[in-house]
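One-based numbering, in listed order, for ligands and for the atoms of each.
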Amino acid sequence: MRKPIVVGNWKMHKTVEESVELVEELKPLVAEIGDVEIGVCPPFTSLSEVSRVLRGSNINLGAQDMYWEPQGAYTGEISAGMLLSVGCRYVIVGHSERRTYFGETDEWVNRKVRAALEAGLVPIMCVGETLEQRQKGITQEVVDRQVTEGLRGLSPEQVAGMVIAYEPVWAIGTGLTAEPEQAQEVQAFIRARIRQLFGEEAADSVRIQYGGSIKPENAREIFLQPDVDGGLVGGASLEADSFARIVRAAM
Ligand code: 13P
């Protein structure tokens with residue numbers, strides 16, 4: 001049985017003060033929940049303070065991106081070791097906003113995933129098709145390439161321990177959620193590809209989240225799908241009550 005995992009991706013929101021306030025509010029709301037893995041990914045500037053507030057709680061910390069080199073002259077970048085040093089457990093890699101606005105390629109995503117795993121972070125690798133690609137009927141082709149290239153060179157054990165987030169680009173921040181059956185269809189496809197590429201155990205263990213306009217109102221129906229192991233939540237994770245309700249929906 002896979003433990004569902006619900007993670008908040010705060011994107012470019014919240015100052016340090018606002019971040020601390022949000023997690024202080026969230027902690028008691030989810031304190032009793034043991035059968036859902038919970039995480040928050042604040043902006044880099046808030047990681048250290050949020051980490052302090054989360055110490056000893058059941059909420060894990062993650063970052064929204066990283067660079068694959070361990071250190072060096074890479075102005076503006078952050079390494080896996082730096083994320084570990086502030087207490088991160090996860091790192092989101094290959095989010096569609098990074099692919100679209102910052103030109104990230106599958107090869108970059110793969111380098112980041114490998115560097116994260118080697119350092120001991122759990123990568124949350126994002127994949128998903130645009131509206132145009134869905135309308136053209138090439139969703140599976142697109143997702144297949146992102147999965148195959150993103151996971152290139154990994155061992156089955158590494159794949160088993162990571163998280164993949166299926167986030168259809170047309171559902172992100174738009175209020176349009178994929179129908180539960182649409183999410184299930186693509187996520188079952190992803191798991192089947194992982195079975196072909198990395199074997200039974202990796203496919204059965206890897207957790208595949210859904211992301212895209214998850215709200216307290218639609219979360220349960222989506223999380224009930226057999227190949228949906230929780231969610232990556234954007235807008236609705238910026239408010240403690242709505243995020244806590246989404247976490248509960250995964251129980
Ligand atoms: P929204 O929940 O705001 O649609 O964002 C989803 C997302 O991109 C999470 O990574």
Sort out for me which residue in T130, D144, V186 forms a side chain to side chain contact (heavy atoms under 4.5 Å, CB included) with T139. V186
With a 4.0 Å heavy-atom cut-off (strictly under), which part of S237 contacts ligand 1: side chain, backbone, both or neither?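 No part of S237 comes within reach of ligand 1.
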How does N9 reach ligand 1, if at all, at less than 4.0 Å between non-hydrogen atoms: by side chain, backbone, both, or neither? side chain
Atom indices of ligand 1, in the order listed, that fall short of 4.0 Å to a heavy atom of G212: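 Contacts of ligand 1 toward G212, numbered from 1: 4 (O), 6 (C).
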Counting each atom of ligand 1 from 1 as listed, which ones have a heavy atom of S213 under 4.0 Å away? 1 (P), 2 (O), 4 (O)
Using a plain distance cutoff, I'd like to know if [X] has any nitrogen or oxygen under 3.5 Å from a nitrogen or oxygen of ligand 1.
| X | answer |
| --- | --- |
| G234 | yes |
| T174 | no |
| G173 | yes |

Between R89 and E37, is there a salt bridge with N-O shorter than 4.0 Å?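 The answer is yes: the pair qualifies as a salt bridge.
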Please determine if R191 and D204 form a salt bridge, counting it only when a charged side-chain N lies under 4.0 Å from a carboxylate O. no
Assess, by modelled atom type and distance only, whether the side chains of S213 and T177 contain a donor and an acceptor separated by less than 3.5 Å. no
Which residue supplies the protein heavy atom nearest to [atom], what is that atom called, and how far is it?
| atom | value |
| --- | --- |
| atom 7 (C) of ligand 1 | E167 OE2, 3.2 Å |
| atom 3 (O) of ligand 1 | G235 N, 2.8 Å |
| atom 5 (O) of ligand 1 | K11 NZ, 3.2 Å |

Checking salt bridge (charged side-chain N to carboxylate O under 4.0 Å, His left out) for the pair E129/R134: CA distance, chi angles, key distance, verdict? CA-CA 6 Å; E129 81 287 1; R134 176 161 281 266; 2.7 Å; yes
Backbone N/O of L232 and side chain of N9: donor-acceptor pair under 3.5 Å: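 No, N9 side chain to L232 backbone: no donor-acceptor pair under 3.5 Å.
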Taking the six-membered ring of F102, is NZ or CZ of R98 closer than 6.0 Å to its centre and within 45° of its axis?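 Output yes; distance and angle both within limits.
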